[in-house]
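Written below as structure tokens is the structure these notes are about.
Just the heavy atoms: all of them, side chains too, but no hydrogens, waters or symmetry mates, feed the values below.
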Amino acid sequence: MAGSVPGGGRPLILTEDPLLLDDLLRLCAAAGADPHVHHAVPEPGRTADTGGAAEPGGDAGSTGWESAPLVMVGDDAARRVRGAPRRAGVLLVGRDLDDPHVWQRAVEIGAEEVLRLPDAESRLVDRLADVVEGAGRPALAVGVIGGSGGAGASTLACALAVRAARAGERTILIDGDPLGGGMDVLLGGESAEGLRWPDFAASRGRVGAGALEESLPELHDLRVLSWDRGDRVVVPPAAIRSVVAAARRRGGVVVVDLPRRVDEAVVEVLAQLDLVLMVVPGELRSVAAAGRVAAGVRMVARDVRVVVRGRCAGGLDPESVAGLLGAPLAGEVPVEVGLPGRVAEGEPPGTQGRGALARFCDGFWQRALGSAQGVPA
């Protein structure tokens with residue numbers, strides 16, 4: 001059985017085809033990867049690019065067949081690696097789209113993917129970029145949406161991000177609502193340096209996770225992607241998909257403040273979320289409005305749960321609100337006295353550790369992150 005791909009190190013190219021090698025080196029450069037090139041399976045304890053003994057102080061064995069994080073085997077080299085130990089992260093790469101024997105060779109060398117260039121160039125760049133970025137467990141991505149107008153979804157999204165960051169999680173807060181006034185404003189950082197959504201409107205393909213994180217404003221120990229004060233309120237869905245995927249790749253937590261409408265751009269976000277929290281005030285009219293929102297969200301989201309805000313009226317209780325919406329109850333958030341005034345003075349929601357909002361968020365992360373790590377919530 002193939003082993004797991006070792007972490008770190010440089011990808012390995014095995015080919016004697018000069019044209020294929022040129023293609024692979026070009027794609028490595030596009031992904032920011034620095035590969036080793038070899039014409040046969042490197043022996044344990046020998047460097048991949050020279051085939052000789054490791055130089056003093058060198059990286060002995062770290063670029064061999066068994067230890068390279070990714071191995072790209074050219075069609076021409078497949079026969080020579082037939083007897084190599086089975087491992088994960090082996091790609092069979094070639095340029096003949098009509099080769100009828102390619103799958104047989106892939107099985108013989110234990111390749112997990114067959115990539116035909118140029119059609120699979122973007123896929124190969126993605127795999128190489130994962131090596132460069134050290135991709136591991138993706139971030140736990142949580143969306144927050146209001147079941148009705150004024151439900152307090154943005155407040156909860158902000159508080160969740162603040163509490164996750166204070167708990168030591170790498171945290172990115174994404175403003176998914178261009179008409180919501182700006183999450184950077186809620187965090188008191190509307191003038192902070194960094195990129196906003198319109199700066200990513202032209203993004204195509206893969207966005208570097210590290211570059212994204214470093215480009216965003218850092219406020220209260222978290223990174224925030226918000227809207228600017230300009231007129232642009234539309235970013236192409238493909239760009240949104242790429243940016244959200246990049247935000248998730250470095251692990252930690254991603255919190256997205258969602259608008260109540262479910263358009264093409266929001267669908268791209270919902271498809272990448274692990275969980276959506278729908279904030280619903282505990283009164284019948286809000287529950288009725290939330291039912292319509294929930295119907296649209298459920299068409300895409302894999303897990304939708306209800307957060308009841310404030311005291312319930314008219315004989316309702318939190319369990320009955322969730323029951324009417326046909327979704328599990330994530331919890332109840334009491335109205336926090338004095339919160340609007342503190343926010344107006346520049347104190348983001350969730351910073352008061354003893355407040356009801358912070359307590360809800362801390363409990364939520366303890367359950368959600370424990371569940372994500374295989375611990376019962």
Side-chain angles (χ1 to χ4, degrees), residues 1-17 20-55 58-96 99-117 119-138 206 209 245 248-251 373-374:
M1 181 179 292
S4 62
V5 180
R10 296 158 64 183
L12 176 62
I13 297 175
L14 298 173
T15 183
E16 291 181 347
D17 181 338
L20 179 60
L21 179 59
D22 284 347
D23 284 339
L24 294 177
L25 291 176
R26 171 176 56 83
L27 297 174
C28 284
D34 180 20
H36 281 278
V37 180
H38 206 269
H39 304 304
V41 181
E43 300 174 13
R46 295 162 98 68
T47 55
D49 51 352
T50 64
E55 298 177 5
D59 192 13
S62 68
T63 55
W65 172 270
E66 295 184 26
S67 55
L70 190 71
V71 179
M72 293 164 281
V73 180
D75 272 345
D76 63 295
R79 290 184 179 179
R80 295 195 297 279
V81 302
R82 236 183 244 167
R86 294 300 175 102
R87 53 153 291 170
V90 175
L91 311 178
L92 181 60
V93 188
R95 301 201 324 279
D96 185 354
D99 183 353
H101 303 296
V102 63
W103 295 106
Q104 178 181 342
R105 292 197 297 276
V107 171
E108 289 172 348
I109 68 172
E112 64 182 43
E113 284 192 72
V114 174
L115 302 179
R116 306 281 88 184
L117 305 182
D119 290 8
E121 286 192 355
S122 61
R123 173 59 181 163
L124 183 52
V125 170
D126 280 351
R127 293 298 303 268
L128 288 163
D130 282 343
V131 170
V132 173
E133 296 176 357
R137 179 191 291 273
R206 186 184 180 102
R248 294 199 66 196
R249 276 199 299 274
R250 297 198 78 181
Q373 295 164 5

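- Residues Arg95 and Asp17 are in side-chain contact: their nearest non-hydrogen atoms beyond the backbone lie under 4.5 Å apart.
- Here the closest heavy-atom approach between residue Arg127 and residue Gly89 is recorded as NH2-CA, 4.2 Å.
- Among residues two or more places apart in sequence or in another chain, the salt bridge (charged side-chain N to carboxylate O under 4.0 Å, His left out) test is passed with Asp22 by none.
- Remark: side-chain polar atoms of Arg10 are paired, donor with acceptor, to backbone N or O of Asp34 under 3.5 angstrom.
- Annotation: side-chain hydrogen bond (donor to acceptor under 3.5 Å, both in side chains) contacts of Asp99 (sequence neighbours excluded): Arg105.
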Test side-chain contact (heavy atoms from CB on, under 4.5 Å) applied to Cys28 and Ile13, step by step: CA-CA 10 Å; Cys28 284; Ile13 297 175; 4.2 Å; yes

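- Take Arg26 and apply the side-chain hydrogen bond (donor to acceptor under 3.5 Å, both in side chains) test, not counting sequence neighbours, and it matches Asp23, Glu121.
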Considering only distance and modelled atom types, tabulate donor-acceptor pairs under 3.5 Å from the side chains of residues 72-79, sequence neighbours left out.
from  : atom 1 : to     : atom 2 : distance (Å)
Asp75 : OD1    : Arg116 : NH2    : 3.0
Asp75 : OD2    : Arg116 : NH1    : 3.0
Asp75 : OD2    : Arg116 : NH2    : 3.2
Asp76 : OD1    : Thr15  : OG1    : 2.7
Asp76 : OD2    : Thr15  : OG1    : 3.4
Asp76 : OD2    : Glu16  : N      : 2.7

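- Rounding to the nearest 0.5 Å places CZ of Arg87 at 7.5 Å from OG of Ser67.
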(request) Test side-chain contact (heavy atoms from CB on, under 4.5 Å) on Leu12 and Val37 and set out the steps. (result) CA-CA 6 Å; Leu12 176 62; Val37 180; over 6 Å; no

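- In terms of heavy atoms, Pro11 sits closest to Ala33 at CG-CB, 4.0 Å.
- In terms of heavy-atom proximity, Pro85 sits nearest to Trp65 at O-NE1, 2.7 Å.
- Remark: Asp96 CG to Leu117 CG distance equals 11.5 Å, nearest 0.5 Å.
- With sequence neighbours left out, the side chain to side chain contact (heavy atoms under 4.5 Å, CB included) criterion links Ala111 to Val90, Leu92, Ala106, Ile109.
- Rounding to the nearest 0.5 angstrom, the gap separating the CG atom in Leu91 from the CG atom in Leu24 is 9.5 Å.
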